[in-house]
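Letters A, B, ... mirror the listed sequences (proteins, then strands); counts begin at 1. What you see is a predicted model, and the numbers here were worked out from it, not measured in a lab.
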Protein chains: 2
Amino acid sequence: MQRAAALVRRGCCPRTPGPWGRSQSSAAAEASAVLKVRPERSRRERILTLESMNPQVKAVEYAVRGPIVLKAGEIELELQRGIKKPFTEVIRANIGDAQAMGQQPITFLRQVMALCTYPNLLDSPSFPEDAKKRARRILQACGGNSLGSYSASQGVNCIREDVAAYITRRDGGVPADPDNIYLTTGASDGISTILKILVSGGGKSRTGVMIPIPQYPLYSAVISELDAIQVNYYLDEDNCWALNVNELRRAVREAKDHCDPKVLCIINPGNPTGQVQSRKCIEDVIHFAWEEKLFLLADEVYQDNVYSPDCRFHSFKKVLYEMGPEYSSNVELASFHSTSKGYMGECGYRGGYMEVINLHPEIKGQLVKLLSVRLCPPVSGQAAMDIVVNPPVPGEESFEQFHREKESVLGNLAKKAKLTEDLFNQVPGIHCNPLQGAMYAFPRIFIPSKAVEAAQAHKMAPDMFYCMKLLEETGICVVPGSGFGQREGTYHFRMTILPPVEKLKTVLQKVKDFHIKFLEKYA
Amino acid sequence: MQRAAALVRRGCCPRTPGPWGRSQSSAAAEASAVLKVRPERSRRERILTLESMNPQVKAVEYAVRGPIVLKAGEIELELQRGIKKPFTEVIRANIGDAQAMGQQPITFLRQVMALCTYPNLLDSPSFPEDAKKRARRILQACGGNSLGSYSASQGVNCIREDVAAYITRRDGGVPADPDNIYLTTGASDGISTILKILVSGGGKSRTGVMIPIPQYPLYSAVISELDAIQVNYYLDEDNCWALNVNELRRAVREAKDHCDPKVLCIINPGNPTGQVQSRKCIEDVIHFAWEEKLFLLADEVYQDNVYSPDCRFHSFKKVLYEMGPEYSSNVELASFHSTSKGYMGECGYRGGYMEVINLHPEIKGQLVKLLSVRLCPPVSGQAAMDIVVNPPVPGEESFEQFHREKESVLGNLAKKAKLTEDLFNQVPGIHCNPLQGAMYAFPRIFIPSKAVEAAQAHKMAPDMFYCMKLLEETGICVVPGSGFGQREGTYHFRMTILPPVEKLKTVLQKVKDFHIKFLEKYA
């Protein structure tokens, strides 16, 4: 009855059926044969509890949508209910979700998607010919010429060809083979699929997966799910979060005592740290992976998001090939891209691809088999990926508008990256490395010892305490550094730079005011 | 060089860069510091091999897209290259992919999707108002009013509300709570997520998952991935593939010797078997689950696909509630639905939902956390799901057309179900139970002992041998029963009834002719 009452309270159907409900008599008659013993009415112990559940899933943490985001949701509801706060809206700077922050979709991409979705529009004069051409090409490659059919598990053929052509262009002619391209449900799906195949062994032979600290918490979450061993290597905060190969050596040496390090994950440009790796650094890493026999995972979803004039994106694939055949025919590398970031910010479509090279042919079969169990990635997301890798070119009808929209998004992001760095560095007790790329600031914050004690009293990590206070006092939702990992005794938070310029200025000013007050309060 | 040559052969970039490729001099200079020892050119042992890979992934099998489907792809390529065959096209009757077989999408669904994709169309007079109304409602619930934003991990709020309202209507008023609805990436995603949380323990305490035999091989694949214990219960072929609770009792009793049976999976209507469970049978199953403390998984993706006039779909949720509070407040049940089946057949969008009731509140938190690691299901698939549960109603502008399209698909399927059953049963050595629901026939085939020996000589299961021959001689691609499980010594195949009526007649005639020839050959 307790449950029924709760349902009524929630505004669900207030019917109060008899013990057997609507078809009471026939149901009861049918059931009488079964229910020799009429069970007592009582709430039993659940089968699935914190104690009985999969302990690896229990161990998973995912800060980007963790407790602070749940709190943000609660506050939003309170605001809707008219509860007074020192602010009027929650600003969700916790997640790289460009369109939620008001970024407009790229027109051409959505035109092609609409044409694919509802092919009657192919006769409409209000759509440009280059968009129609692409839509026809995608549809012709789909079963029944429809986005509603399953695709091959590896993805639609012509889209994989377009991805390969894009990579070849991007990498200045280094060849890419469509056979090595796998379309995915966002990059997260690709990363977890590859890790799933890689993890094996027990005890000291259990697979070790090297990840940067700070990291994007998908990695730690999947490692936990798979019961693999997380091997941390620390990025060098004092050196703009650069990756130092000596630190990789330290990490792998120490890891060998308790696991079998087999995988090295790299995020470039960095998330949450925003650093862009130099070509030299990438060579060092590849040589290290070759030397230590590590399978390389290169998370390159921010490849279009490079802002610092002295930085350039170099793909691991390109550098690998340029290092010569010993590397290019031996180092096993999976690299990942996505529709969600860059200038298009199409997170909701869950599009992505991975390029996997030097995979053993037998493993390729295993990978395709594993992918086939989930049938295929969303075909609409595959179509979105196609437009990202095959955008309008000069001479095409839509080129000018596409180019203008793209440059506007990227230009604004570059402006906001600089603005954020500059403003944070004016605040006493905040230090922010340059945002060379990606779409986040990850400033280091000084937390006074009194605040650390207050956090401990609330059983919170000090930076979680800080971020909760920030949220409660300003409505700004950022993610504590502890969710990404950081050197002990240091504190950070991750904040996206996605709000529009004027709004971002207000946000930064509010963080500044909050921080100064926080320092005073806990001085 | 071998690899480079292979790439050239495949038509990829034929550049022959120096050992350091394009940026040879600078790259070499940068690298010289690292590469003290110039490695030998040779192909090394791969890190990721059949021996080193995750053994649970290696053990996964997925027949629906298995070797026979790869073979079908090869034959298609040969046909394209002009190689002569006794047929002109491959008919892919291996997978329930309606639109690939020529079924047209439901107009209303695609109209709403196009409007959501490209909201400029909201001003177009060529779209009906009821479609615009739904599109506006969905967009208003999306971050930034865009399908390009991430949704909440559990799915867009208003869509979950629509799902709950649909379930309440479907179940004659039994309440559904939007809080218990989780939107998913197709039903497969929901099923594997719930199983992932449920599996725990080691040795004899390892979680046992009961599945029907024959089953849809997603179940065995996920059980293998999770290293859980598969507990088979056999459906009764002699009784139209009915589920008998005594068989459940036998299975659970025997399983307890070597594992901890904790989950019971039901597929209703059945895949591949097409049976529709009676209300009485569902009550028996629920009582059994209550008694044995089993978490129930009800795969109800074919709930709209019921053809036999004496059968009706009863949801587990509804029957559970009608059995009274002891059951409705205790039995933990997850039920699954999808955009891929029914009358809409929108497989490519990967839309789906699950309703999970009586979940421990702490586990609900764990589930949302786990879902949040993959961010969210594709928002376009969520929108498609919304239209499935919230279609036009009488009085709305699009109702007539929608109703006509829906009834046409379902009417044709019913016709084809009967046609298939009748025709198969005319063939000596084939017996086919009535196709009460879903979209497959799973006929039993007699394979003569000489053919069994021939199969053994080819190291193939006898039904795989049969299906390979069928494919090679007729171009018809079906899946051997061994991919779904069957009683030892019996042989079956699964064939979809999705081809258009006239084509299906040809297919059935060809299977008949093949079968008779096959019997003669191996007599």
Side-chain angles (χ1 to χ4, degrees), chain A residues 3 7 12-13 15 19-22 27 30-31 34 39 41 44 46-50 54 57 62 65 97 99-100 105 110 113-114 117-118 143-144 146-150 172-173 175 197 199-200 221 280 283-284 287 295 322 324 326 329-330 346-348 350 360 362-363 372-373 378-380, chain B residues 3 7 12-13 15 19-22 27 30-31 34 39 41 44 46-50 54 57 62 65 97 99-100 105 110 113-114 117-118 143-144 146-150 172-173 175 197 199-200 221 280 283-284 287 295 322 324 326 329-330 346-348 350 360 362-363 372-373 378-380:
Chain A
R3 184 175 173 77
L7 284 165
C12 290
C13 173
R15 288 177 67 248
W20 295 96
R22 203 177 149 110
E30 279 186 21
V34 182
R41 279 195 192 186
R44 300 203 307 196
R46 294 274 169 265
I47 297 156
L48 183 55
T49 63
L50 281 186
N54 184 334
V57 171
Y62 189 68
R65 296 198 150 192
D97 191 356
Q99 296 188 20
R110 291 302 187 95
M113 301 285 286
T117 303
Y118 190 57
S146 172
L147 290 194
S149 303
Y150 292 120
I197 295 195
V199 169
S200 67
K280 164 79 170 65
E283 275 194 20
D284 288 357
H287 179 70
F295 195 110
E322 290 173 352
E326 174 58 28
S329 56
N330 281 319
E346 294 285 7
C347 307
R350 314 306 299 120
H360 194 294
E362 287 173 336
I363 295 294
S372 75
V373 175
V379 183
S380 50
Chain B
R3 182 173 174 78
L7 284 166
C12 291
C13 172
R15 289 177 66 248
W20 293 94
R22 203 178 149 109
E30 279 184 21
V34 182
R41 279 196 195 188
R44 299 202 307 195
R46 294 276 168 262
I47 296 156
L48 182 55
T49 64
L50 281 186
N54 185 334
V57 171
Y62 190 70
R65 295 197 152 192
D97 190 355
Q99 296 189 18
R110 291 303 187 91
M113 301 285 287
T117 304
Y118 190 56
S146 172
L147 290 193
S149 303
Y150 292 120
I197 295 195
V199 169
S200 66
K280 164 81 170 66
E283 276 194 19
D284 288 358
H287 180 70
F295 194 110
E322 290 173 352
E326 174 58 28
S329 55
N330 280 319
E346 293 285 7
C347 308
R350 313 306 299 118
H360 194 294
E362 288 173 338
I363 295 293
S372 75
V373 176
V379 183
S380 50

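- When each of Pro105(B), Ala100(B), Ser149(B), Pro378(B) is scored by its heavy-atom pairs under 4.5 Å with chain A, the top score falls to Ser149(B).
- With respect to chain B, the highest number of heavy-atom pairs below 4.5 Å among Ser372(A), Ala114(A), Gly143(A) belongs to Ser372(A).
- Looking at Arg350(A), only its side chain comes within 4.5 Å of chain B, counting heavy atoms on both sides.
- Per-residue heavy-atom pair counts under 4.5 Å with chain A were compared for Cys347(B), Ala221(B), Ser380(B), and the maximum is reached by Cys347(B).
- Residue Arg110(B) comes nearest to Ser146(A) through the heavy atom pair NH2-OG, 2.9 Å, listed as atom of the first residue, atom of the second, then distance.
- Nearest heavy atom pair, residue Ile363(A) against residue Leu48(B), reads CG1-O, 3.3 Å.
- For the options Val379(B), Val199(B), Asp97(B), heavy-atom pairs under 4.5 Å to chain A are most numerous at Asp97(B).
- Between His360(B) and Thr49(A) the shortest heavy-atom distance is CD2-CG2, 4.3 Å.
- Here the OG1-CE distance, from Thr117(B) to Met113(A), works out to 6.0 Å after rounding to the nearest 0.5 Å.
- In this structure, CG on Leu147(A) lies 8.5 Å from CD on Glu346(B), to the nearest 0.5 angstrom.
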